[in-house]
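The structure under discussion appears below in the form of structure tokens.
Counting convention: from 1, in listed order, for ligands and their atoms alike.
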Amino acid sequence: ADPNNGTVPTPLTNYLDTQYFGEISIGSPAQMFNVVFDTGSANLWVPSQSCSPFSTACFTHNRYDSSRSHTHVSNGTGFSINYASGTIRGFLSEDVVVVGGLPVVQVFAEATSLSAMPFIFAKFDGVLGMGYPNVAVDGITPVFDRIMSQHVLKEEVFSIYYSRDPKHSPGGELLLGGTDPNYYTGNFNYMETREMGKWEVTIKGVSVGAEMMFCAEGCTAVIDTGSSYITGPASSVSMLMKTIGAQLDETGYKINCETVKMLPSVTFHLGGHEYSLTHEDYIIWQSQIEGDVCIVTFRGLDVPPPTGPIWILGANFIARYYTEFDRRNNRIGFATAV
Ligand SMILES: CCN(C(=O)c1cnc(C)nc1NCc1ccco1)[C@H]1CCCNC1
């Protein structure tokens with residue numbers, strides 16, 4: 001009998017409330033990797049043993065060595081993926097991937113070049129895309145689809161908990177096959193994914209305090225477990241930042257820590273419900289030598305059409321709202337995280 005009754009948990013590590021990742025293995029004997037479980041993409045990639053020594057981001061991370069795995073099947077097809085934040089290039093391989101103790105034979109990419117920015121700052125080695133198959137580069141069947149076809153999960157859903165305290169253990173949890181009552185209170189509110197095959201929903205409005213400021217005409221939000229912050233169209237975000245008195249510097253928006261307590265909440269109207277973030281949810285308070293620094297976890301990002309303009313709701317949103325991604329019913333559910 002299955003001790004987890006059709007659900008498969010993977011504990012996550014929380015790095016500074018900005019990076020959340022869990023451990024998987026690839027190959028026999030197992031080679032361990034820390035990966036982001038990313039609903040904003042649909043491919044699995046890890047750094048390759050054969051990456052160029054000049055790729056700093058590569059040799060500072062765990063690398064997959066196909067020559068050490070007797071279950072490796074070579075493929076060699078070229079691979080490249082562009083995120084707004086960086087580019088990965090490499091080639092395809094196939095091997096046994098184990099997620100939460102569940103083995104799947106998986107086609108994945110061995111990255112031979114990782115753009116230094118931002119991956120030298122990554123505490124994780126690679127990315128395990130939890131997106132839909134139609135957004136997968138090279139038409140590769142994603143990991144979660146391979147797991148669903150094994151019919152071992154109680155429900156064809158997965159859920160994500162991100163802790164809001166780097167000292168909390170575990171720093172988060174990916175649960176395949178269900179939702180984990182340890183990490184949410186109250187009921188789930190569900191909304192249909194906007195477009196088949198993407199973890200996107202329609203925003204009916206964004207308000208600051210009591211005032212509706214954006215998207216009254218409706219706009220799109222990607223629920224992206226692999227992004228640290230909330231991003232929106234640069235013009236909207238700069239207007240929002242001006243409203244709360246934040247200044248933009250080379251690393252992002254900062255605000256005078258004295259004013260944090262009086263900051264208004266920012267509310268996203270999704271699927272007939274309001275999801276508010278208070279300053280506790282959208283300010284990262286860092287005590288530094290030269291005094292406290294208060295970082296605002298909103299970023300301007302102009303995603304070009306046809307995908308954009310979009311808002312991206314990332315880790316700081318998910319840390320407040322425990323999220324269920326339902327492939328059976330193509331819907332997303334939010335409940336208040338504990
Ligand atoms: C993983 C690539 N991503 C990042 O935003 C990203 C980049 N570089 C670093 C160093 N970290 C990132 N995300 C940290 C994180 C982990 C969980 C929450 O946020 C995005 C690219 C677009 C698709 N969605 C994922």
Side-chain donor/acceptor of Gln106 to backbone N/O of Thr141, under 3.5 Å: yes
Protein contact of atom 9 (C) of ligand 1 - nearest heavy atom, named by residue and atom, plus distance: Phe124 CZ, 3.7 Å
Heavy-atom check, side chain of Phe33 versus side chain of Ile26, under 4.5 Å: yes
Ligand 1-proximal atoms of Pro118, by part, heavy-atom distance under 4.0 Å: both
Polar atom proximity, Asp224 to ligand 1 (N or O, under 3.5 Å): yes
Any N/O pair Ala315/ligand 1 closer than 3.5 Å: no
Among Ile318, Asn82, Val127, closest by any non-hydrogen atom to atom 1 (C) of ligand 1: Val127
Geometric class of the Phe124/Phe119 ring pair [parallel <30°, tilted 30-60°, perpendicular >60°]: perpendicular
Criterion ring pair (Phe, Tyr, Trp, His ring centres under 6.0 Å) against Phe334, the qualifying member of Tyr190, Phe317, Phe325: Phe317
Numbered atoms of ligand 1 (with element) below 4.0 Å of Asp38, judged on heavy atoms: 23 (C), 24 (N), 25 (C)
Nearest option to atom 14 (C) of ligand 1, as decided by whichever heavy atom of Asn14, Thr18, Val36 sits closest: Thr18
Whether His168 side chain and Arg164 backbone form a donor-acceptor pair below 3.5 Å: no
Ligand 1 N/O within reach of Ser41 N/O, cut-off under 3.5 Å: no
Under 3.5 Å side-chain donor-acceptor pair for Trp199 and Asp224: no
Identity and separation of the nearest protein heavy atom to atom 16 (C) of ligand 1: Tyr20 N, 3.4 Å
Minimum-distance protein heavy atom relative to atom 4 (C) of ligand 1: Gly226 O, 3.2 Å
Pair Asp165 + Lys167, salt bridge at N-O below 4.0 Å: yes
Sub-4.0 Å heavy-atom contact, Thr39 with ligand 1: no
Protein contact of atom 22 (C) of ligand 1 - nearest heavy atom, named by residue and atom, plus distance: Tyr83 CD2, 3.7 Å
His61 side chain to Ala122 backbone, donor-acceptor under 3.5 Å: yes
Nitrogen or oxygen atoms of Ser228 and ligand 1 under 3.5 Å apart: yes
Nearest-0.5 Å distance that lies between atom CE in Met32 and atom CG in Asn62: 9.5 Å
Lys/Arg-Asp/Glu bridge criterion (N-O < 4.0 Å) met for Asp125, Arg63: no
Sub-4.0 Å heavy-atom approach of Phe21 to ligand 1: no
Contact with ligand 1 for Thr225, non-hydrogen, under 4.0 angstrom: yes
